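For clarity, every value in this text was computed on a predicted model and none was experimentally measured. Both ligands and their constituent atoms are indexed starting at 1 by order of listing.
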Amino acid sequence: MSLFGSSGIRGIVNELMTPELALQAGKALGLKHKYVVVGRDPRTSGPMVENALISGLLAMGARVTRVGLVSTPTLAHAARGYDCGVMITASHNPPEYNGLKFWNPDGMAFSLAQQEDLEKSINSDIKGASWQDMGTENVRHDAVREHMDSILKNVEHYPLKVVVDCGCGAATTITPYVLREMGCRVVTLNGQPDGFFPARQPEPVEENLDGLKKAVIAMEADLGIAQDGDADRMMAVDDEGRFVSGDELMAYFCQYEVKYSLVCPVDVSMMVEKSVNGVKIYRTRIGDAFVSEEVKSVGADFGGETSGTWIFPKMSFCPDGIYAAAKLVELVGKNGRLSDAVDALPKFPLRRGGVKFSQSMDKVKIMELIKGAIDVKSAKDVNTLDGLRVDYGGGWVLIRPSGTEPKIRITAEAEDVDTLTTLYDRSESIVKRCVKACEQ
Ligand code: MG
């Protein structure tokens, strides 16, 4: 089994994410990297993983700089001055998880090839350096300040009233302070770093943000901001206390950020497409690392994922939830109420569902059958990067196997309800037929 997922190594503490693994990862990294900067989010296991990782690096003779409790974008920003950076975080996962994410000096996460290379080393026997060549470590306290300054220089400042829900994550070290220095009146929720995440789960999805929605109304704020455990994600609540969906927020950003080209995964709504008519859209597999890589390789203006990942390549290839929050303040300050902007976005009916199959069946084979059965002749565009996405102009359908259960997921969206019903039902019956054919 591969250790690396789409976001580095991640697992339950002392099951997959053990001090032994962190130590070995440190040694493996130290084979090729001499100057390494290390940060962590506030998870209870952070110091354990951090010390084991650094011990491995020191054993290889690396020069290690600790920046302590920081957000992932702060660590990626700091990595500019080193051979690489390591962030100890499990992002939006529950508190019992932790993980390691590796960063290049240009703010890009390690590529698939780099991760494979590192995994090979982790699985090998690594001899440490001699006593004369032991590594050294030092501590830096200015990583947050440097990151803040770079954000503050790159946004226009507006004095909005903003509620920030840090969720007790790494955002507590930076987001409220950045917005205050932009001239905002900031009310902070869950502003103490706490690895138990006692206030809410770290993922900034609507079901976790009741407190923020209520606070925005009670405080009569212009905006609510929510972040995940390591603050690379940012989601928002408008001035009427309504959660702004990922598709809506992406469409909003696109209206101002995208001139020529946009990168987004295959599951993004038509709302985004219609908001940026005539722009070249590059679709990727679902996962922020794929979006970042594509933004860099095609030189796009902007990239994003509806989970709250926003990539502003002028700033960094690392999704930066703090910069995204600052940018949102700038745009709302300049262009008026977020609720009006969201109401003005084109809306389309969307339907999500799926067809279950038995555990023993081969999802690759089912998908092959579906690809052969679905109508692609009348399609405007067919994309097989991540499952099968067929765009018919007036609507599209995405059919892909679930990553977590034996199920083929179906997502369809169309310009009107009748088209949606026809499209969804037709797709569902094909999927059912293909699943049945595999049963026999
Ligand atoms: Mg995250």
Side-chain angles (χ1 to χ4, degrees), residues 4-13 17 38-46 49 67 69-79 85-103 107-110 115 144 147 151 164-175 178 190 193-195 197 199-209 212 225-236 246 249-250 265 286-293 295 303-312 315-328 403:
F4 284 84
S6 63
S7 288
I9 298 172
R10 203 178 288 175
I12 293 178
V13 171
M17 196 62 254
V38 178
R40 60 176 166 82
D41 75 9
R43 286 167 193 273
T44 55
S45 54
V49 177
V67 290
L69 173 56
V70 292
S71 72
T72 290
T74 302
L75 189 277
H77 186 265
V86 188
M87 182 67 189
I88 297 158
T89 178
S91 188
H92 55 279
N93 282 56
E96 61 271 27
Y97 284 79
N98 212 340
L100 300 168
K101 194 164 177 178
F102 303 91
W103 296 91
M108 286 283 293
F110 268 26
Q115 295 194 17
V144 174
H147 184 207
I151 293 170
V164 181
D165 181 353
C166 298
C168 302
T172 53
T173 62
I174 181 164
T175 312
V178 166
N190 310 314
D194 186 331
F197 297 109
R200 64 163 170 91
Q201 286 293 317
E203 192 167 15
V205 289
E206 183 167 16
E207 67 198 77
N208 293 333
L209 301 178
L212 177 61
I225 298 286
Q227 304 209 275
D228 71 333
D230 61 332
D232 58 345
R233 290 191 188 183
M234 187 279 296
M235 292 298 278
L249 199 49
M250 189 184 298
I286 295 169
D288 64 64
F290 302 118
V291 177
S292 287
E293 272 176 30
V295 167
E305 199 180 44
T306 53
S307 59
T309 301
W310 316 113
I311 296 149
F312 299 86
M315 271 299 287
S316 170
F317 293 115
C318 169
D320 185 334
I322 303 113
Y323 179 73
K327 193 75 197 172
L328 187 59

**Report entry** Distance, nearest 0.5 Å, that separates CG of Leu75 from CG of Leu69
**Finding:** 11.0 Å
Query raised in the report: What protein N/O/S atoms sit under 2.8 Å from the Mg ion (ligand 1), by chain and number?
Result: Ser91 OG, Asp228 OD2, Asp230 OD1, Asp232 OD1
Query raised in the report: Could you state the interatomic distance from CG (Asp228) to CE (Met234), rounded to the nearest 0.5 Å?
Result: 11.5 Å
Query raised in the report: Would you call the rings of Phe312 and Tyr323 parallel, tilted or perpendicular, where under 30° means parallel and over 60° means perpendicular?
Result: perpendicular
Report task. Go through the steps to decide whether Arg233 and Glu203 satisfy the test salt bridge (Lys or Arg N to Asp or Glu O under 4.0 Å), and finish with yes or no. Result -> CA-CA 9 Å; Arg233 290 191 188 183; Glu203 192 167 15; 3.4 Å; yes
Query - Salt-bridge criterion met for Arg10 and Asp230 (N-O under 4.0 Å) - result: no
Query raised in the report: Just by distance, with hydrogens left out, do Asp320 and His77 show a side-chain donor and acceptor under 3.5 Å apart?
Result: no
